[in-house]
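Note sheet for the following structure.
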Amino acid sequence: MSDDTMQENNQKQYLWWQDGIIYQVYPRSFQDANGDGIGDLRGMILRLEYLKTLGVKAIWLSPIYPSPMADFGYDISDYRGIWPTFGSMADFDELLANVHAMGMKLILDLVPNHSSDEHPWFLESRSSRDNPKRDWYIWKDAKPDGGLPNNWLSVFGGPAWEWDGKTGQYYYHAFHVKQPDLNWRNPQVEKAMLDIMRWWLDKGVDGFRVDAMWHMIKDAQWRDNPRNPDYKESMGSYEQLLPVYSTDQPEMHGIAARMRKVLDEYHQRLMIAEIYLPVHRLVAYYGTHDREAHLPFNFTLTSLPWDSRSIAAAIDEYEAALPDTDWPNWVMGNHDQPRISSRVGLGQSKVAAVLLLTLRGTPTLYYGDEIGMRDVPIPPGEVQDPQGLNMPGKNLSRDPERTPMQWDQTRNGGFTAGQPWLRIDRSFRRRNVATQEKDEYSPLCLYHKLIRLRQQEPSLMVGAYKPVYSDTQLLAYIRQADGHPGFLIVLNLTHRPGYFTPSTIRFTGVIVVDSFPEQEQVSVKDSLDLFGDEGLIVRLDDWRAVSTNPNPHELAAMP
Ligand code: GLC
């Protein structure tokens, strides 16, 4: 079996991004090597061994390009460079070479929807109305009464239009005022961005996570967005409207297909798309016959109520929506969302780990979740995230989930010898990688076991998903690849004990991984008693469906 390309499983072949696990690194917060308090590329090089040992296949880096850092790198002023505080291009080349030498892959963030307002393209564009780059961005006249061109809002608060006094027009910014949107109806913009993709692919990067893809092209008529009837004061002001004209436009599919073609000029490169849409709209971004994104990120688990019925239904809905040509994926957290352990509690975050690493499809892990890092309260005077700064008092800052990685018990958790750019969780002395590596009850040890098992067992890595049972507490399913032992996963999504006594299947097997390791290696038959916060995997010796109970979840277990 060749390590980095394909996994053989009964004639079917799987690509590295199908049977491998993706790990997101937020570069500012992963490892600082030069003591300036900000993570860097050399720091990452030092920590590659950790990622290799963890068992992940691909590392996705949030942006590392030159940037004024108004949105921490998502405002790019040079798409072909490295931000000096992160390192040099030579450091990047070394990182890429090391990642490859260790049998892993490197995925970069690509931010095609907008640049920085300090990018030379925008400086030219705003210099005069007849500059050749004027049309590379979105410029509109004021309404005859002097009003904004339409009612669209910025994700980071306030209107999405900014007046430019010098040239007497507004420019559009879906995010920060320092992130003007590029005009993807201009073919020169598309060509420039596709060339940038080729430039990095020629260097050998293994793919891109495309930022904000559902924003990239807007309604040709610039119609007002309708009011959101479900808006509440506690939400971000952006939610006042439904972005039906400013996002998810039909023309986006052509662009996504042309981006994909660029990837396809190379060998086995990956395009992930950041898209926050309901499942039926999301799957459209695979494109008919898999012609667009390989993996439109599936964020379902980051926002669902943490209850077993909702989760069971969401998994079924997603599985049903995916055509055979498309490969599923699951995300439990990222740099824009509260951390899972803060959302559901530390006990349940272990159950979440069992869920994420046993579902069908590529899992994406967010750095630090494997040690149960939690959101860190950042005092108002230290808030740095523009989303938090622009909408104070609503608890919308993303700083809490971006704090420094907790490596060990030394000063600043081993993240930096200097002053960290964002405060580190004060629990770092007991919650860190070094301590957890020695503690078999730790989240990190659970992640190690889950990843090892998943990567060894074709059923867990690529096998079919068969729903078995769900009630108000429990969620159970089987993963099974033809010709390989099946696995039964049973999760208790509450803190109370739960009893798994399914009427529709009989099974015997052994618990092989459990969020409470004392239960591991215990033989089980037909039923299970679970503690609160327990999630476990049973390697099945035998199982069969036995009845015609009309509960659809149970019926679905019939082989
Ligand atoms: C994406 C990024 C987010 C960023 C935004 C604007 O949603 O994940 O961090 O602020 O795009 O680029």
Side-chain angles (χ1 to χ4, degrees), residues 22-30 39 60-77 79 83 107-119 122 137-138 152-158 160 162 171-182 184 193 196 208-218 236-239 243 246-248 252 271-277 282 285 293 295-299 302-303 331-339 364-367 375 383-391 396-403 421-422:
I22 300 172
Y23 184 99
Q24 179 188 357
V25 166
Y26 195 67
R28 287 182 82 87
S29 295
F30 200 57
W60 149 39
L61 302 182
S62 283
I64 51 171
Y65 315 101
S67 162
M69 294 285 153
D71 187 21
F72 294 110
Y74 285 94
D75 48 321
I76 296 170
S77 52
Y79 285 92
W83 189 46
I107 299 167
L108 292 189
D109 223 303
L110 181 78
V111 188
N113 178 68
H114 46 266
S115 72
S116 162
D117 66 338
E118 296 180 33
H119 193 291
F122 190 71
Y137 292 84
I138 295 165
W152 295 2
L153 297 171
S154 156
V155 175
F156 292 161
E162 181 71 9
Y171 70 84
Y172 177 71
H173 58 94
F175 294 89
H176 198 275
V177 64
K178 285 180 70 60
Q179 291 169 301
D181 280 43
L182 284 152
W184 275 83
M193 202 57 73
I196 288 162
F208 300 102
R209 171 268 191 189
V210 181
D211 186 71
M213 190 190 260
W214 81 120
H215 279 271
M216 279 170 64
I217 195 152
K218 298 55 158 142
S237 51
Y238 176 73
E239 316 269 341
S246 49
T247 62
D248 192 26
M252 189 54 224
M271 181 157 90
I272 304 172
E274 185 208 27
I275 296 169
Y276 284 90
L277 287 175
L282 177 71
Y285 284 84
L295 301 176
F297 259 152
N298 170 13
F299 296 120
T302 64
S303 56
V331 179
M332 192 70 81
N334 61 32
H335 63 296
D336 296 327
Q337 308 293 337
R339 282 193 183 268
T364 299
L365 313 183
Y366 183 49
Y367 87 95
D375 289 349
V383 173
Q384 307 203 33
D385 174 29
Q387 184 167 280
L389 290 171
N390 290 357
M391 292 178 279
L396 292 174
S397 168
R398 298 167 296 178
D399 293 332
E401 61 262 24
R402 297 175 175 180
T403 59
W421 74 281
L422 199 58

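Whatever order the structure lists ligands and atoms in, that order sets their numbers, starting from 1.
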Legend entry - Subset of ligand 1 atoms that lie under 4.0 Å from at least one heavy atom of R402: 9 (O)
Inset, instruction - Return the residue, atom name and 0.1 Å-rounded distance of the protein heavy atom closest to atom 11 (O) of ligand 1. - result: D211 OD1, 2.9 Å
Inset, instruction - Ignoring hydrogens and angles, tell me if any N or O in the side chain of Q179 forms a donor-acceptor pair with the backbone of Y74 under 3.5 Å. - result: yes
Legend entry - For the student: nearest non-hydrogen atoms of P68 and S116, plus distance: CG-OG, 3.3 Å
Inset, instruction - Find all atoms of ligand 1 within a distance of less than 4.0 Å from any non-hydrogen atom belonging to F156, and give their numbers and elements. - result: 10 (O)
Legend entry - Salt-bridge contact D336-R402 (side-chain N to carboxylate O under 4.0 Å): yes
Inset, instruction - Heavy-atom contacts with H114 under 4.0 Å: which atoms of ligand 1 show up? List them by number with element. - result: 6 (C), 12 (O)
Inset, instruction - Report yes if some heavy atom in the side chain of P386 is under 4.5 Å from a heavy atom in the side chain of F175; otherwise report no. - result: no
Inset, instruction - Evaluate the side-chain proximity of L182 to Y137: yes if any heavy-atom separation is below 4.5 Å, no if none is. - result: yes
Inset, instruction - Examine ligand 1 and decide if any of its atoms is less than 4.0 Å from a heavy atom belonging to H215. - result: no
Inset, instruction - May I ask you to list the atoms of ligand 1 that are less than 4.0 angstrom from any heavy atom of H335? - result: 2 (C), 3 (C), 8 (O), 9 (O)
Legend entry - Within-shell test, Q387 vs ligand 1, heavy atom, strictly < 4.0 Å: no
Legend entry - Side-chain donor/acceptor of D375 to backbone N/O of R339, under 3.5 Å: yes
Legend entry - Interfacing atoms of ligand 1 (cut-off 4.0 Å, heavy-atom, R398): 3 (C), 4 (C), 9 (O), 10 (O)
Legend entry - Where at least one partner belongs to residues 173-182, residue pairs that pass salt bridge (charged side-chain N to carboxylate O under 4.0 Å, His left out), sequence neighbours excluded: D117-K178, E118-K178, D181-K218
Legend entry - Nearest-contact summary for atom 10 (O) of ligand 1 - protein heavy atom, Å: D71 OD2, 2.5 Å
Legend entry - Any donor-acceptor pair under 3.5 Å from Y276 side chain to A212 backbone: no
Legend entry - Heavy atom of the protein closest to atom 5 (C) of ligand 1 (residue, atom name, distance): F175 CE2, 3.7 Å
Legend entry - Region of H176 engaging ligand 1 - heavy atom pairs below 4.0 Å: neither
Inset, instruction - Quick one: look up the protein heavy atom nearest atom 7 (O) of ligand 1 and list residue, atom name and how far away it is. - result: E274 OE2, 2.8 Å
Legend entry - Heavy-atom nearest neighbour in the protein, as seen from atom 9 (O) of ligand 1, with distance rounded to 0.1 Å: D336 OD1, 2.7 Å
Legend entry - Side chain Q387, main chain F156, donor-acceptor under 3.5 Å: no
Inset, instruction - Have a look at ligand 1 and work out which part of Q337, if any, has a heavy atom under 4.0 Å from it: side chain, backbone, both or neither. - result: neither
